[in-house]
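Counting starts at 1 for both ligands and their atoms, in listed order.
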Amino acid sequence: MTFNELGLSEKVLQAVEASGYTTPTPIQAQAIPYALAGRDVLGIAQTGTGKTAAFTLPMLSRLEQGRARARMPRTLILEPTRELAAQVEESFARYGVNHKINVALLIGGVSFGDQETKIMRGADVLIATPGRLLDFAERGKLLLTAIEILVIDEADRMLDMGFIPDIERICKLVPFTRQTLFFSATMPPEITRLTETFLHNPVRIEVARAASTATTITQGLVASAPGPAKRETLRRLLRGAADFKNAIIFCNRKRDVALLHKSLQKHGFNAGALHGDLDQRARTASLDAFKSGEVALLVCSDVAARGLDIPDVSHVFNFDLPTHAEDYVHRIGRTGRAGKSGVAISIITKADQKYLAEIEKLIARKIDWLSGEALSELTDEGEAEAPHHERGSRRGGSSRGERPRADADVPQKSRRREKSEPQRQHVEERPAPEPQPRAAAPSRERGRHHADDDAPVVGMGDHVPMFMLRPVKLKPGKTVAADEDESTSVG
Ligand code: AMP
């Protein structure tokens, strides 16, 4: 099959040819003819399958007729994260070189002004994260009544991030008669319900299940104790990695991304970080530095890294094993892309065993244990201090992101921080939380969650209501703060 057989316009075909693609991927071959015919499409496909072009190319063809009016975009693409939205924008730039179309990006973390100007000019394509889009719509700066095509991408990730109520609201703001192209890597019940409500007689297209991992990826497991020992394990793996070019390192929570990033830098590694608490400029800078090879290591959270198309990643490390088995497949899929070989190594603590079992069940194979300590000999306890020989003992650089250490250059402030580190680690290195039920009670209140708010919230999260901080009266004359251990206070 060739692109010529799909019914795309001449301008689009020329752009596809210029980008060097000759054969449509399965999702493209199956979805494009229906999308061009105006049918709703339910595409079950993960990133890496070419699904972005599967909706971008037919949209471009269809946009050749007609013009956008001020504040009334003609098509809308919803993405869960800013990075994915920016990536789709790049796709339009690439495949739309022969078109005169206005593309506007509405994402959080950047100023409203420029975005508003673009919308006022009339956008043929609006690419947005749900929160910012609703902000604009509610302020009356944007009307969704002229939307001809609605694309909902990465729907299962939207679910994980609590965006489904927003998606439902947006679906009600766009005309009933629009065409909907809906993509999700998996189909949990909440997503099925959404498609049943908002898609009209869709064509269902399913390609490469989320459970499949590319055969080009060599997977391995390394046992480790948690805490500082785990960071030491990672450093050892980084130093010993064969055919190393660069690595994406995944943590389960934003705060752990920040902690590991700092720790790697402290140990002389040339690392960047990508997580939702960074402002947009920092996120873009980290990503660009990694893509250009300026930094060899990128420490990430799932949400920040989801779907990012970074070619040529030699290694993926799961510093934390993901608690959702499907995330494992997505994470390791960052390497071994486009037929290249890649290595994915996961560090496993005792507490990870049940998650490992779920992953092996999903991918229907056992992952090999690599050299290292036996899991059965490890404790579950994090050590309070890094092993003595590791502390500040490394010097010299290497190609794997390690920089020569210059301890003398460490500013006083950082040194002070190092001193207080053990205590902070005690707070931050709790064992991984129990997996949260997907989309558990997503907040209806926009502004509470963000496209990048990826840390699973345990209990009340960081928020402690005032009533819990009030002293509690135990016995006449004796009080204890609510967060103190009662047994020690009461005696
Ligand atoms: P996606 O799944 O949309 O993130 O695409 C994954 C990667 O596949 C991107 O780098 C695309 O540029 C690339 N790609 C998309 N379509 C094709 C194609 N027909 N042939 C080869 N590569 C493609």
Undergrad: If I compare all heavy atoms of Leu78 with all of Met158, which pair ends up nearest, and what's the gap?
TA: O-CE, 3.4 Å
Undergrad: Answer yes or no: is there an ion pair linking Arg334 with Asp312, defined by an N-O contact shorter than 4.0 Å?
TA: no
Undergrad: With backbone taken as N, CA, C and O and side chain as the heavy atoms from C-beta onward, which portion of Phe3 lies under 4.0 Å from ligand 1: side chain, backbone, both, or neither?
TA: side chain
Undergrad: Between Tyr95 and ligand 1, does any nitrogen or oxygen pair lie at a separation below 3.5 Å?
TA: no
Undergrad: Do any nitrogen or oxygen atoms of Gln46 come within less than 3.5 Å of a nitrogen or oxygen of ligand 1?
TA: no
Undergrad: Using a 6.0 Å distance limit plus a 45 degree cone around the ring axis, check whether Arg139 lies over the aromatic ring of Phe112.
TA: yes
Undergrad: Taking the side chain as C-beta and beyond, is there a heavy-atom pair between Pro175 and Ile147 under 4.5 Å?
TA: yes
Undergrad: Would you call Glu206-Arg204 a salt bridge at under 4.0 Å N-O?
TA: yes
Undergrad: Looking at Phe198, is Arg193 sitting on its ring face, NZ or CZ under 6.0 Å from the six-membered ring centre and within 45 degrees of the normal?
TA: no
Undergrad: Relative to the heavy atoms of Thr25, which atoms of ligand 1 are at a distance of less than 4.0 Å?
TA: 17 (C), 18 (C), 19 (N)
Undergrad: With respect to Gln87, determine whether any N or O atom, backbone or side chain, lies less than 3.5 Å from an N or O atom of ligand 1.
TA: no
Undergrad: Is the contact between Glu90 and ligand 1 made by the side chain, the backbone, both, or neither, using heavy atoms and a 4.0 Å cut-off?
TA: neither
Undergrad: Any nitrogen or oxygen of Pro24, side chain or backbone, less than 3.5 Å from one on ligand 1?
TA: no
Undergrad: Thr52 heavy atoms, cut-off 4.0 Å: which ligand 1 atoms fall inside?
TA: 1 (P), 3 (O), 4 (O)
Undergrad: Is it the case that the side chain of Arg74 and the backbone of Leu63 share a donor-acceptor pair, with hydrogens and angles ignored and the cut-off at 3.5 Å?
TA: yes
Undergrad: Hey, which atoms in ligand 1 end up nearer than 4.0 Å to a heavy atom of Arg94?
TA: 12 (O)
Undergrad: Go through ligand 1 atom by atom and flag the ones less than 4.0 Å from a non-hydrogen atom of Thr23.
TA: 18 (C), 19 (N), 20 (N)
